[in-house]
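Counting convention: from 1, in listed order, for ligands and their atoms alike.
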Amino acid sequence: MRVLQVASEATPFAKTGGLADVAGALPEALADQGCDVTLVIPAYREVFAKGLPLEPTGIAFDVPLGTRQLPARIFRCVLPGSRVETLLVANDECFDRPSLYGGSEDYTDNSERFIFFSRAAMELAARQEMPYDIIHCHDWQTGLVPAYQKLLYSSSAAVQHARTVMTIHNMAYQGLFWHWDMLLTGLDWKYFNWQQMEFWGQLNLLKTGMVFADWLTTVSPTYAREIQRDPGGCGLEGVLASRSDVLTGIVNGIDTVAWDPRTDRHIPRPYSEQDFADGKYAARVALAVRLGHAAPDPRPLVAFVGRLVDQKGIDLVVDLLGRMAGSGRVRFVVLGTGHHHVEDSLRHVAAAFPGTIDLIIGFDEGLAHLVQAAADIMLVPSRYEPCGLTQLYALRYGAIPLVRATGGLVDTVVDTTPDTLQNGTANGFVFKSYDSHSLEQAVWRALDAHANGDLWSGLVRRAMLQDWSWDSSARDYLRVYEQIRVRS
Ligand code: ADP
Ligand code: GLC
């Protein structure tokens, strides 16, 4: 089966969050299931800066964008560590910029940039000799792809029989732009109506994908249910409920090669579930050195790694730090980057407890691995969480996840209670109500468990042995593809 994956970021080329991890790992997992997979992503400035073996293909064409024609040049690279061909769409005006989507504020021309990318991906697909069975796109940046496949490329041999799948990684990011951007899409104004591309007077790219795709998936079964209701659907709950017969929730897997404490080159001493205490201690020493401390702190290490945005429950973390940092029982490390107001409130509380809170503002892949290895407890107190990968990496690195019961966190983390300890399902700590008191209670429960050495070691071992690899999730995607593909 020939599958084209279209995404706006993919590890290791370019990354702002979990979407990149999924788009960088799912293609190879599908290849393992026998699919012939090609990945298409934008060639951002940071992709060229990585020193990856990118080759010019010589393929170049103009892409219509409203009244203009924008040139696209195509580069090729095998997705590192895989057999998957990656095609990268270059255009300096759109992608030669310091960041993927903008910094604390989005770039004002993100609609042009990703309308261009979606159209370029379809142009590229249409130029291939072998037809695609499936075109699988991800999030609002590629939301036009299913519409293009049906409306503009229905007579192109390479894509006309393809079935389209749209994966929703986050309902809160919809690609909402003013209605005149409809002109940039090249699609007829008749599609700008409340049942297709319009949303309260604006152009909605995610909704477009959700309406035109043959099948919809999202990244966990619980999130698939949450988004069919208010507030999880972020205004599109009606669209989703009307398409619930073609909506599947599939939990993300993790790249078990890139995230493996037995072989991780970002940590000083590899470890497994057999010798995690030594490995984690070595990681703490390395982290202490990295943070400029004379020696590692013996107190339990509670960490947070993630985008500093409201979704991630950072206001609860700020409150928690204020409440607990003075207790003397625990040390905190926070690694993240995001909205300036969130960064500032963290800076404020970290400055009040210099010996207890380390705050690292920035995006650092290697440090994220080191923090996972060093931490005892990983906080994921999200307001909502479609799937979440941080808690899955944490399990593999023996950093026990402490999460709020929402979205994919419900589907992956089981609270530690006498019952779940006895039946062997406990792998973390869960709190329900979105308030810092509930979070704090859960942290104290985790610290009490940590003080019980045997109990904790058992929990860590079990967490590390759980299988969150892509195998079963890739099989679920393949089942979706098989179900919808046109058989010749
Ligand atoms: P989301 O996609 O909503 O950001 P996920 O948990 O699915 O959340 O994925 C987050 C990914 O981004 C993980 O791979 C995590 O390690 C990484 N990440 C987030 N913030 C940082 C950071 N500041 N430095 C390095 N990696 C980060
Ligand atoms: C989104 C979600 C996150 C999910 C990731 C990959 O960014 O916020 O929960 O894990 O996509 O699917």
* Structure fact -> Note: ligand 1 atoms sitting under 4.0 Å from heavy atoms of Y393 are 13 (C), 14 (O)

* Numbered atoms of ligand 1 (with element) below 4.0 Å of G388, judged on heavy atoms -> 6 (O), 7 (O)

* Structure fact -> Under 4.0 Å between heavy atoms, the region of K15 that gets near ligand 1 turns out to be side chain

* Mark yes when over 12 heavy atoms from residues, nucleotides or ligands other than Y281 sit less than 6.0 Å from its OH; otherwise mark no. => no

* Which protein non-hydrogen atom lies closest to atom 24 (N) of ligand 1, naming both residue and atom, and how far is it? -> D364 N, 3.0 Å

* Which atoms of ligand 2 have any heavy atom of N252 under 4.0 Å away? -> 6 (C), 10 (O), 12 (O)

* Asked: Please walk me through it: do R163 and D133 pass salt bridge (charged side-chain N to carboxylate O under 4.0 Å, His left out)?
  -> CA-CA 6 Å; R163 288 287 181 248; D133 298 296; over 6 Å; no

* Asked: At a 4.0 Å threshold, what atoms of ligand 1 neighbour a non-hydrogen atom of R307?
  -> 1 (P), 3 (O), 4 (O), 20 (N)

* Asked: Going by the order shown, which atoms of ligand 2 are within less than 4.0 Å of some heavy atom of P386?
  -> 2 (C), 8 (O), 9 (O)

* **Y481 ring center near H136 ring center (under 6.0 Å)** => yes

* Asked: Where is the nearest protein heavy atom to atom 2 (C) of ligand 2: which residue, which atom, and how far?
  -> H169 O, 3.3 Å

* R97 NZ/CZ over Y107 ring centroid, <6.0 Å and within 45° of normal -> yes

* Asked: Applying a strict 4.0 Å limit to heavy atoms, is A20 in contact with ligand 1?
  -> no

* Asked: Is K312 in polar range of ligand 2, meaning some N or O pair under 3.5 Å apart?
  -> no

* Asked: With atoms numbered from 1 as shown, which atoms in ligand 2 lie under 4.0 angstrom from a non-hydrogen atom of N170?
  -> 8 (O)

* Over 12 non-hydrogen atoms of neighbours within 6.0 angstrom of NZ in K432 -> no

* L389 N/O under 3.5 Å from ligand 1 N/O -> yes

* Asked: Would W140 and Y173 count as a close aromatic pair, with their ring centres under 6.0 Å?
  -> no

* Is D275 paired with R262 through a side-chain N to carboxylate O contact shorter than 4.0 Å? -> no

* Asked: Distance only, no hydrogens: is a donor on one side chain within 3.5 Å (strictly under) of an acceptor on the other, for W215 and T248?
  -> yes

* Mark the output for H369 as yes if a heavy-atom distance to ligand 1 is under 4.0 Å, and as no if none is. => no

* Identify the closest protein heavy atom to atom 22 (C) of ligand 1: which residue and atom is it, and at what distance? -> F363 CD1, 3.5 Å

* To do: Among all protein heavy atoms, pick the one closest to atom 7 (O) of ligand 2 and tell me residue, atom and distance.
  => R307 NH2, 4.2 Å

* Asked: Does the N or O separation between G362 and ligand 1 drop below 3.5 Å for any pair?
  -> yes

* To do: Take Y148 and S118 through the test side chain to side chain contact (heavy atoms under 4.5 Å, CB included) and record every step on the way to the result.
  => CA-CA 8 Å; Y148 283 153; S118 299; 4.1 Å; yes

* Structure fact -> Taking only non-hydrogen atoms of V22 and a 4.0 Å limit, the atoms of ligand 2 in range are 6 (C), 12 (O)

* To do: List every atom of ligand 2 that sits less than 4.0 Å from any heavy atom of Q311, numbering the atoms from 1 in the order shown and giving each element.
  => 8 (O)

* G388 neighbourhood, listing ligand 2 atoms whose heavy-atom distance to it stays under 4.0 Å -> 3 (C), 4 (C), 9 (O), 10 (O)

* To do: Please state whether K312 comes within less than 4.0 angstrom of ligand 1, counting heavy atoms only.
  => yes

* Given the rule in the salt bridge (charged side-chain N to carboxylate O under 4.0 Å, His left out) test, do R445 and D415 qualify, once you have shown the distances and angles that lead to the verdict? -> CA-CA 11 Å; R445 274 202 297 130; D415 192 34; 3.0 Å; yes

* Asked: Backbone or side chain, does any N or O of G18 fall under 3.5 Å from an N or O of ligand 1?
  -> yes

* For G306, counting its heavy atoms only, list the atoms of ligand 1 lying under 4.0 Å from any of them. => 19 (C), 20 (N)

* Hey, does D21 come in under 3.5 Å of ligand 1, counting only N/O atoms on both sides? -> yes

* Taking K15 as the fixed residue, which of D21, D255, D364 is the one that meets the salt bridge (charged side-chain N to carboxylate O under 4.0 Å, His left out) rule? -> D21

* Asked: Hey, do the aromatic rings of Y44 and F13 have their centres closer than 6.0 Å?
  -> no

* Is the gap between the ring centers of F199 and F177 under 6.0 Å? -> no

* Numbered atoms and elements of ligand 2 in range of V219, under 4.0 angstrom, heavy atoms -> 12 (O)

* Asked: Does G336 come within less than 4.0 angstrom of ligand 1, counting non-hydrogen atoms of the residue?
  -> yes

* Asked: After noting the C-alpha distance and the side-chain angles of D214 and R243, does the key distance pass the salt bridge (charged side-chain N to carboxylate O under 4.0 Å, His left out) rule?
  -> CA-CA 10 Å; D214 295 303; R243 302 215 67 200; over 6 Å; no

* Going through the checks in order, is the salt bridge (charged side-chain N to carboxylate O under 4.0 Å, His left out) test met by R404 and E385? -> CA-CA 9 Å; R404 193 171 91 81; E385 195 62 70; over 6 Å; no

* To do: Would you mind listing which atoms of ligand 2 come within a distance below 4.0 Å of any non-hydrogen atom of E385?
  => 2 (C), 3 (C), 8 (O), 9 (O)

